[in-house]
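Okay, so here's the structure we're looking at.
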Amino acid sequence: MRVEIWSDIACPWCYIGKARFTKGLAEFAHRDEIEVVFRSFELDPNGPKGVVAPVLEMLAKKYGRTLDEARGMEEHVAASARAEGLAYRTEGRDHGNTFDIHRLLHLAAARGRQEELLDLAYRANFGEERSVFDPETLVELAVEAGLDEAEARTVLADDSAYAAEVRADEREAAELGASAVPFFVLDRRYGISGGQPAEVFTRALEQAWAGREVLVTAAPDGEVCDPDGSCAVPQH
């Protein structure tokens, strides 16, 4: 059975949701028979390439909050990430266009190293002092994931390389009704939206495997990121 996951490196709930899915998959009896494929979804496809802004400033502007309030929003997301054993920095992160990252992830998929690069990119973006919007950092991550440095540089230098694959993923997301990420599709029949608890993924996998109906499950407390780049933060 195939599970497809639409996500964006800039989406904190995608980072958290992947960790929760991995835990849920680990509890599934037929986990070794599941093929996981990661699909592209840009939260801000119209964002200018090469232009980055501090995440806290972006959040404050987008939500009409002060920097301290934006910092509080980030701390809430960070707590959710850390509860899953993930590193998460609330200061010093950048926000920008992720098209090049997605193109490189398609190269990694073609070379059988997609999840390795995805995990490294998530960790660099959310947990380390490394900007995934810097081409040299992307090359470093590609090499760490097991890709050829020269090939990674060639892809990054050519804006058309793997562009069609990224756009195809995004069209499929729209056709499947994915309006926010992360979005999980099981066997092209069942959809799960948002960073659900691990047990929700385990149960959905069991139901899909058995051929029972699995309804599209809504994200808990809005734990998704929308196409305009907004990442909902539950209010408590």
Side-chain angles (χ1 to χ4, degrees), residues 3 5-28 36 38 41-44 52-96 98 101 115 117-133 137 141 178-184 191-205 217-236:
V3 176
I5 305 174
W6 272 264
S7 58
D8 193 5
I9 290 297
C11 164
W13 296 117
C14 296
Y15 178 46
I16 295 166
K18 181 181 183 298
R20 291 174 176 172
F21 171 78
T22 299
K23 291 178 181 179
L25 179 61
E27 296 301 315
F28 178 54
V36 181
F38 298 93
F41 190 107
E42 293 174 273
L43 290 173
D44 189 14
V52 298
V55 167
L56 289 179
E57 291 182 13
M58 180 275 293
L59 289 173
K61 182 178 180 181
K62 181 177 292 291
Y63 294 105
R65 304 290 184 89
T66 66
L67 283 176
D68 281 343
E69 288 172 331
R71 189 173 290 108
M73 295 166 66
E74 274 285 87
E75 286 292 350
H76 177 88
V77 179
S80 295
R82 291 165 186 158
E84 303 300 330
L86 301 172
Y88 196 103
R89 293 186 299 117
T90 57
E91 301 277 354
R93 292 198 298 109
D94 293 331
H95 176 80
T98 57
I101 304 170
E115 187 166 11
L117 179 57
L118 182 64
D119 285 340
L120 287 166
Y122 273 141
R123 189 172 68 196
N125 188 44
F126 292 105
E128 301 175 345
E129 297 287 344
R130 303 168 76 184
S131 175
V132 294
F133 307 103
T137 298
L141 293 172
S179 59
V181 287
F183 190 71
F184 303 77
I192 301 174
S193 176
Q196 301 279 351
E199 57 269 22
V200 171
F201 290 116
T202 303
R203 185 165 62 250
L205 287 164
T217 306
D221 295 325
E223 291 183 356
V224 296
C225 293
D226 294 323
D228 67 354
S230 301
C231 295
V233 177
Q235 302 298 313
H236 296 289

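All values below come from the heavy atoms of this structure, side chains included, with hydrogens, waters and symmetry mates left out.
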**Message:** Using 0.5 Å steps for rounding, measure from the CZ atom of Phe41 to the CH2 atom of Trp6.
**Reply:** 10.5 Å
**Asked** So do the side chains of Lys18 and Asp119 get within less than 4.5 Å of each other, counting heavy atoms only?
**Response** yes
**Request:** Go through Ser80 and Trp13 one step at a time and tell me if the side chain to side chain contact (heavy atoms under 4.5 Å, CB included) criterion holds.
**Result:** CA-CA 9 Å; Ser80 295; Trp13 296 117; 3.9 Å; yes
**Item:** Heavy-atom side-chain contact between Met73 and Leu56 under 4.5 Å
**Value:** no
**Message:** Salt bridge check, Glu128 against Arg89: does any charged N sit closer than 4.0 Å to a carboxylate O?
**Reply:** no
**Item:** Heavy-atom pair of closest approach, residues Pro182 and Cys14
**Value:** N-SG, 3.6 Å
**Prompt:** So do the side chains of Phe21 and Ile5 get within less than 4.5 Å of each other, counting heavy atoms only?
**Reply:** yes
**Request:** Any chance you could measure Asn125, atom CG, to Asp94, atom CG, to the nearest 0.5 Å?
**Result:** 8.0 Å
**Asked** Mind checking whether Phe201 and Phe184 have ring centres under 6.0 Å apart?
**Response** yes
**Message:** In terms of relative ring orientation, are Tyr15 and Tyr122 parallel, tilted or perpendicular, with 30° and 60° separating the classes?
**Reply:** tilted
**Message:** Evaluate Leu141 against Arg130 for side chain to side chain contact (heavy atoms under 4.5 Å, CB included), listing each step before the verdict.
**Reply:** CA-CA 10 Å; Leu141 293 172; Arg130 303 168 76 184; 3.6 Å; yes
**Exercise: identify the closest heavy-atom pair between Val77 and Pro12** = CG1-CB, 3.6 Å
**Message:** Once rounded to the nearest 0.5 Å, what's the spacing between atom CD of Glu199 and atom CZ of Arg20?
**Reply:** 9.5 Å
**Prompt:** Between the side chains of Glu27 and Thr202, does any donor sit under 3.5 Å from an acceptor?
**Reply:** no
**Asked** Atom CG of Asp8 and atom CD1 of Ile101: how far apart are they, to the nearest 0.5 Å?
**Response** 7.5 Å
**Fill in**
Minimal heavy-atom distance between Ala121 and Ile9, with the atoms involved, is CB-CD1, 3.7 Å
**Item:** side-chain hydrogen bond (donor to acceptor under 3.5 Å, both in side chains) assessment of Thr98 paired with Glu42
**Value:** CA-CA 7 Å; Thr98 57; Glu42 293 174 273; 4.6 Å; no
**Shortest non-hydrogen contact between Ala204 and Ile192, atoms and distance** = CB-CD1, 3.3 Å
**Request:** Decide whether Arg123 and Tyr88 meet the rule of one side-chain donor and one side-chain acceptor closer than 3.5 Å.
**Result:** no
**Message:** So, taking the atom named CD in Glu115 and the one named CG in Leu120, what distance separates them when rounded to the nearest 0.5 Å?
**Reply:** 10.5 Å
**Request:** State, yes or no, whether a side-chain contact exists between His95 and Glu57 at a heavy-atom distance under 4.5 Å.
**Result:** no
**Straight-line distance of Glu75 CD to Arg82 CZ, nearest 0.5 Å** = 5.5 Å
**Request:** Please name the pair of heavy atoms, one in Val181 and one in Cys11, separated by the smallest distance, quoted to 0.1 Å.
**Result:** O-SG, 3.7 Å
**Asked** Shortest non-hydrogen contact from Glu84 to Lys23?
**Response** OE1-NZ, 2.8 Å
**Asked** Less than 4.5 Å apart, any side-chain heavy atom of Arg93 and any of Glu74?
**Response** yes
